[in-house]
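The sequence lines fix the lettering, A, B, ..., with proteins before strands; numbering per chain opens at 1.
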Amino acid sequence: MFAITLPDGSVRSYDKPVSGRELAADIGPGLARSALAVRIDGTLRDLATVIDRDAQVSILTPRDAEALELLRHDAAHVMAEAVKELYPETQVTIGPAIENGFYYDFARPTPFQPEDLERIEARMREIVDRDEEIVCETWDRDEAIAFFLAQGEKYKAEIIESIPAGQNITLYRQGGFIDLCRGPHLPSTGRLGKAFKLMKLAGAYWRGDSRNEMLQRIYGTAWTDEKQLKAYLQQLEEAEKRDHRRLGKEMDLFHFQEEAPGAVFWHPKGWTLFQRLIAYMRRRQHEAGYVEISTPEVMDRQLWVTSGHWDTFREHMYFTQTEDERVYAIKPMNCPGGIQVFKHGIKSYRDLPLRMAEFGKVHRYEPSGALHGLMRVRAFTQDDAHIFCTLDQMQEECQKVVGLIMDIYRDFGFEDVRIKFSDRPAKRIGSDEVWDRLEGALKSALEHMGYEYGYNPGEGAFYGPKLEFVLRDAIGRDWQCGTLQVDMNLTERFDVTYVAEDGQRHRPVMLHRALFGSLERFTGILIEHYAGRFPLWLAPLQAVVATITSDADAYALEVLAALKAAGLDCEADLRNEKINYKVREHSVAKVPVMLVVGRREAEERTVALRRLGGNTQEILALEEAVATLAGEAASPA
RNA sequence: GCUGCCGUAGCUCAGUGGUAGAGCACUCCCUUGGUAAGGGAGAGGUCGUGAGUUCAAUCCUCACCGGCAGCACCA
């Protein structure tokens, strides 16, 4: 006798082993029909798993969140089965469930074409209709290797070879398809349903290593029902409308062109936005005790040899060709320049911490495939700063930086900022003792402040560990924005010192930090975050004065002048067009405020104020409207 | 950088082995109209670049440049 405890606390006793499927049937026929898998003492298992001892058991149905993951994993297997049926020469590799869907990596001599996706998807639907039973089999490792090698599946064999010898492994069989898999799976292919869609085709390196051959990856999405699938596809469409590359074009903010891949041509409106961000940051930094500097963009090679960039970063750097044959590099980072400013003259411990900010434009030769609108460019402006401090001050300075970043992000409405901690990379300078100390400082700063963080092993800068502050774009891609790095290596290399209370020279610690990170990237994130509808203080064109008839032209210009005098960026629209047309056009252009004036307003010295997104207007006295808007246009405290 | 796809008017896109088309935007004319597109006319492209095949290339082939998706990279 043994007892199975169900989630509602009820207990069922059995005197012989019972499978998940039988258990579900015992509980009720409805549950038997919808059962997909079982959770036994916290572990997810196939429905066919036999229970023969006391256990906590729950039956998984499509209503459970985890069911979706199983379903997506099954979708990957069904896709692999379809591919093997249609293209038998293809080798299968791996196919996991991922956020919103699944993928499977295939190896085959001729690449898939987009049209193939339709065929594969159609075959998948057939396999679902066949409702093939999905059966788990336990195999001896070596037999499994031999089996897959005999099938010509060398990737599968390679995966199994990396499993320790003597261990049994599980294979899942459905119809004529058999795959190495840890499971669990749904009971049959019919359970997958048809709420799936193959989305895109892409290359992916075998085992994620660019030295390996490239496989063909097919991505798909899968959901428990059609409604969810449709909602997801619709959400993707909506996200596309927020894409900063699209909005940048529509709103005339910036452009790119062939002659300067990965470098932005900022148009007047985009540049206004950019400058607003700089002005805001300048004020925040000033309040936080920073001074501002500016250092050369082009400096001699020797400086970069000293800094270590020549050895560790050269392939990402631009160089100049000049008559004097001296080798200059265009700066990829601001730190060496900042150090020169610190080193100029003798610094005392009384000067520390010294916080030197620089809106420095840097150039990095990024891999062509990495370029992505404003998010990943080859020339960008950092809101950089280097904080020179003593070892004792390091921790507090780190906390101040983290506090400042989070506070600033809040002003833009970013509440869920993810923080990642990256420790020492393989390619680095400096001793392990120093790295221990630096990594400790960053971690304890976060822990003191109670922030949760993720961990990126080996992803630090070559001179020190770092924190990354990650924001997500409209399409769901994550981008590192703010960063904080602690460094005792560059100060060593450049022999940076200060005179301490003991009259001796000591080595300061250097913090590298950027809050927006790259102004270009942050601007891109903001465009998507606000879907182009910027708050008044950021909007490049804050208001348009639109006339109803030309009788109001003179008054409209007066209104415009009053708004400009109050510091607002605005335009007058006196065109010979109907007010409907003007309202539509400026709404589409996402101008936050429209001040409509006709004969009535001109006589009464009022304006009809219409805000973006609303369809009502408010009649205000001119002075009142100007004062209100000027107040709203001030940047956040 | 790697794999695949793509590159036609300012923008979004259609199209053909015999030197190109739509909508929007633009210019001009009519219209002065109260809150999301009033009407008419006009102008605008060496079809990404270079080579090749062909009597003939925007269309076929190759290379290069650039873009998109993913992978790898992201100090």
Side-chain angles (χ1 to χ4, degrees), chain A residues 103 105 110-117 199-219 243 245-246 249-250 252 255-262 307-309 311-317 332-333 335 362 364-373 375-378 422 425 427-429 456 459-464 466 468 475 477 479-480 483 485 487 490 512 517-518 521 546-553 574-589 594-601 608-610 612-617:
Chain A
Y103 69 77
D105 286 347
T110 49
F112 288 115
Q113 297 300 309
E115 308 83 76
D116 294 331
L117 293 191
M199 303 294 284
K200 53 199 170 193
L201 213 47
Y205 296 108
W206 168 235
R207 299 204 149 175
D209 190 328
S210 61
R211 287 167 299 192
N212 290 340
E213 63 269 55
M214 186 158 274
L215 308 171
Q216 311 273 325
R217 175 173 298 178
I218 301 177
Y219 282 94
D243 189 312
R245 294 166 298 184
R246 176 184 179 137
K249 215 179 270 178
E250 286 174 8
D252 193 21
H255 84 268
F256 290 90
Q257 64 185 52
E258 289 198 14
E259 290 79 358
S307 69
H309 287 83
D311 287 332
T312 52
F313 202 65
R314 193 173 27 184
E315 77 240 42
H316 298 288
M317 291 170 67
M333 295 189 202
C335 30
V362 296
R364 301 181 186 177
Y365 185 74
E366 300 284 358
S368 57
L371 301 180
H372 182 88
M375 304 298 196
R376 188 83 180 266
V377 287
R378 285 179 173 162
S422 302
K427 207 169 168 185
R428 63 177 183 265
I429 54 180
N456 281 340
E459 304 262 311
F462 73 80
Y463 48 73
K466 74 175 178 184
E468 294 179 12
I475 317 170
R477 286 186 268 218
W479 299 97
Q480 179 201 311
T483 180
Q485 300 153 17
D487 174 12
L490 283 182
H512 306 237
S518 141
R521 177 177 289 179
T547 51
I548 290 171
T549 66
S550 51
D551 294 343
D553 285 1
L574 310 183
R575 289 175 305 169
N576 174 15
E577 296 291 352
K578 288 192 174 179
I579 192 60
N580 285 309
Y581 183 90
K582 294 184 184 181
V583 165
R584 175 181 156 77
E585 192 162 89
H586 298 119
S587 299
V588 167
M594 240 178 287
L595 301 118
V596 176
V597 296
R599 199 172 299 158
R600 205 155 61 221
E601 285 76 13
L609 194 145
R610 180 194 171 104
L612 181 61
N615 52 6
T616 56
Q617 47 277 351

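Residues A:Gly373 and A:Met214 each lie close to RNA chain B; by heavy-atom proximity, the contact nearer the 5' end of the strand is made by A:Met214. Taking the nucleotide of RNA chain B with the nearest heavy atom to each of A:Tyr219 and A:Phe256, the more 5' of the two is matched to A:Phe256.
Put simply, CH2 on A:Trp479 is 14 Å from P on B:C74, counting in whole angstrom units. Atom pair A:Met317:CE and B:C74:C1' shows a separation of 16 Å (rounding to whole Å applied).
The partner of B:U12 is B:A22, judged by Watson-Crick or G-U wobble contacts that both fall below 3.5 Å. Across the strands present, B:G45 finds no partner; the criterion is a Watson-Crick or G-U wobble pair with both atom distances under 3.5 angstrom. B:C68: Watson-Crick or G-U partner is B:G4, with both key distances under 3.5 Å.
Comparing the P positions of B:G15 and B:G70 gives a spacing of 26 Å, expressed to the nearest Å. On the P atoms, B:C6 is 24 Å away from B:U46, given to the nearest whole Å. To the nearest whole angstrom, the two C1' atoms, one in B:C26 and one in B:G50, are 33 Å apart. Across B:A9 and B:U27, the matching C1' atoms stand 15 Å from one another, rounded to whole Å. With both ends at atom C1', the span from B:C55 to B:U19 equals 15 Å, rounded to whole Å. The same atom, P, is picked in B:C28 and in B:G17; the two are 40 Å apart, to the nearest Å.
Proximity of A:His372 to the phosphate of B:G67: no side-chain N or O atom is located under 4.0 Å from OP1 or OP2. At B:C74, none of the side-chain N or O atoms of A:Arg378 fall inside 4.0 Å of OP1 or OP2 (strictly under the cut-off).
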Which nucleotides of nucleotides 4-15 of chain B have their base under 4.0 Å from a protein heavy atom (B), which only their sugar-phosphate (S), and which neither (-), written as one string 5' to 3'? SS-B---SS---
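In this structure, the side chains of A:His512 and A:Thr483 stay at 4.5 Å or more apart for every pair of heavy atoms.
Judged by distance alone, with hydrogens and angles left aside, A:Tyr205 brings a side-chain donor or acceptor within reach of the base of B:G1, the pair sitting under 3.5 Å. Interface remark: the A:Arg376 side chain does form a donor-acceptor pair with the B:C74 base, using a distance-only criterion of under 3.5 Å.
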All N/O contacts under 3.5 Å from nucleotides 32-43 of chain B to the protein, with atom names and distances to one decimal?
| from | atom 1 | to | atom 2 | distance (Å) |
| --- | --- | --- | --- | --- |
| B:U32 | O2 | A:Ser550 | N | 2.8 |
| B:U32 | O2 | A:Ser550 | OG | 3.3 |
| B:U32 | N3 | A:Ser550 | OG | 3.0 |
| B:G33 | N7 | A:Ile548 | O | 2.4 |
| B:G33 | N1 | A:Asn576 | OD1 | 2.9 |
| B:G33 | N2 | A:Asn576 | OD1 | 3.3 |
| B:G34 | O6 | A:Arg600 | N | 3.2 |
| B:G34 | N1 | A:Glu601 | OE1 | 2.8 |
| B:G34 | N1 | A:Glu601 | OE2 | 3.2 |
| B:G34 | N2 | A:Glu601 | OE2 | 2.6 |
| B:U35 | O2' | A:Arg610 | NH1 | 2.5 |
| B:U35 | O2 | A:Arg610 | NH1 | 3.2 |
| B:A36 | O4' | A:Arg584 | N | 3.3 |
| B:A36 | N7 | A:Arg610 | NH2 | 3.4 |
| B:A37 | N9 | A:Arg584 | NE | 3.4 |
| B:A37 | N7 | A:Arg584 | NE | 3.2 |
| B:A37 | N7 | A:Arg584 | NH2 | 3.4 |
| B:A37 | N6 | A:Arg584 | NH2 | 2.4 |
| B:A37 | N1 | A:Arg584 | NH2 | 3.3 |

